[in-house]
Amino acid sequence: MDDQLQHETIEKYLLGQLSRQESDRLEADMAADPALYEQVEIKRLALLGLQRMAGAELGKRFAQWDSELDEGTTTQEAPPASINIWPWTACLLFLLVLVGIFWHVRQMKAMHDVQQREQREIALRDSIIAVLQAGIDQKQNELTALLAKNESEQDSLTQLETKRLRAELFRLDAALQERQGRKQAIHREIAAAAPPPPDLTIRGDFGNDDREIKAAAQAFNVGNYSESEKLLKGIPSGDPRQSMVVQALPYALFYQGKYREAAEAFMILKQNDRFEATKAEWYLLLCYRGEGWLVHARAMRAEILKNQNHPYYFNAEKIGDLLEGN
């Protein structure tokens with residue numbers, strides 16, 4: 001969406017001129033994009049300030065007209081002029097709006113900084129794992145080369161080097177297991193919090209004669225999520241069967257632990273199917289946690305807890321500890 005179209009869409013949203021579907025789509029985009037949310041809130045505060053200033057100016061005009069009418073209809077001595085507080089009120093309101101905008105921008109910047117820090121921590125964690133794995137591979141190759149030498153070539157120095165390499169391999173492997181163990185522990189907690197995989201049924205106008213859709217559903221239902229993903233992704237964009245892809249692909253990705261891709265797919269599902277929207281919100285929370293996006297996860301949890309009738313309200317209440325750190 002280009003800047004001009006986005007500006008017009010936000011303006012219509014704030015004035016209540018968007019359709020329900022358009023409003024839902026924009027609100028979903030705001031939930032996924034902090035920068036867009038910040039832009040909408042700034043425009044909302046600015047619009048509120050303009051409305052209050054317009055009201056103040058109108059009040060000033062009415063007071064002036066009343067004064068002119070009084071002067072034209074009476075011959076008595078005019079009462080002492082009263083102090084017109086409208087300009088001062090308007091200035092005060094405008095200053096309050098500016099303070100509100102400044103505070104809001106600071107809050108959004110703080111949230112953005114937290115997100116950036118989370119991203120750096122995730123990248124660092126993954127890079128450390130990659131470096132450890134590369135170190136293990138290198139030491140393993142060196143050790144293999146030493147052990148391949150003939151006995152006559154294995155002098156005391158070779159034996160010492162072999163011992164050192166084995167100790168280094170043990171240390172690197174222990175560090176790698178610790179790093180991977182943390183990640184795996186989070187994945188186990190997410191798996192425990194996730195609902196059981198749904199039974200994938202063919203929806204819409206697709207009958208059992210559609211071999212690709214049928215095969216994708218069968219693969220999913222027997223737990224072969226990677227095959228189901230492959231078949232679903234093979235359906236071209238613009239194909240009428242894309243509605244089935246929107247329904248099934250998020251779950252095929254999620255149950256493989258592909259949380260980043262799954263989050264994008266669940267966002268699309270949430271926007272396009274109101275019957276699946278609440279379930280998609282819960283899966284989105286879990287996907288955000290799986291990727292270490294704690295700010296997004298906490299925001300989604302807060303959104304769920306606003307509605308006590310949400311089917312995952314009590315799940316969101318219990319999951320607080322899982323959102324406390326990587």
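What you see is a predicted model, and the numbers here were worked out from it, not measured in a lab. What you see below is based on every heavy atom in this structure, not just the backbone, and it leaves out hydrogens, waters and symmetry mates.
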When you check the gap from the basic side-chain N to the acidic O, do E317 and R301 get nearer than 4.0 Å? no

Quick check: is F266 connected to I319 through a chain of hydrophobic side chains (ILVMFWY, heavy atoms under 4.5 Å apart)? yes

Measuring from atom CE of M244 to atom CG of L249, what distance do you get when rounded to the nearest 0.5 angstrom? 11.0 Å

Between I190 and F254, is there a side-chain heavy-atom distance shorter than 4.5 Å? yes

So how far is it from K12 NZ to S23 OG, rounded to the nearest 0.5 Å? 11.5 Å

Could you go through the side chain to side chain contact (heavy atoms under 4.5 Å, CB included) check for L285 and I304 one step at a time? CA-CA 9 Å; L285 187 156; I304 292 173; 4.2 Å; yes

Do K270 and E276 meet the salt-bridge criterion of a basic N to acidic O distance under 4.0 Å? no

Does any part of the side chain of R289, heavy atoms only, come nearer than 4.5 Å to the side chain of E189, both counted from C-beta? no

When rounded to the nearest 0.5 angstrom, what is the spacing between CD in E229 and CG in N224? 10.5 Å

Contact check, side chains of I235 and I213, non-hydrogen atoms, under 4.5 Å: yes

Indicate yes or no: at least one non-hydrogen side-chain atom of C287 is less than 4.5 angstrom from one of W293. no

Does R25 come within less than 4.0 Å of E22, counting only side-chain N to carboxylate O? no

Looking at side-chain heavy atoms only, is the closest gap between Y313 and L305 below 4.5 Å? yes

Any chance the side chains of E281 and H310 put a donor and an acceptor closer than 3.5 Å? yes

Looking only at heavy atoms, the pair that brings P240 and S243 closest together is O-OG, 3.4 Å

Residue that, paired with L284, satisfies side chain to side chain contact (heavy atoms under 4.5 Å, CB included) out of E303, H296, M267: M267

To the closest 0.5 Å, what do you measure between CG (L232) and CZ (R241)? 10.0 Å

Considering only NZ, NE, NH1 and NH2 on the basic side and carboxylate oxygens on the acidic side, decide whether K233 and E261 come within less than 4.0 Å. yes

With rounding to the nearest 0.5 Å, note down the distance linking CG in L18 to CD in E8. 11.0 Å

Just so I know, are the side chains of P311 and W282 near enough to count as touching, which here means a heavy-atom distance under 4.5 Å? no

I need the minimum non-hydrogen distance between A252 and Y225, along with the two atoms involved. O-CB, 3.6 Å

Minimum side-chain heavy-atom gap Y251-S228 below 4.5 Å: no

Taking atom CG of L269 and atom CD of E264, what is their separation to the nearest 0.5 Å? 14.0 Å

Smallest heavy-atom separation, P198 atom then F220 atom, equals O-CE2, 3.0 Å

Side-chain heavy atoms of P250 within contact of Y283, under 4.5 Å: no

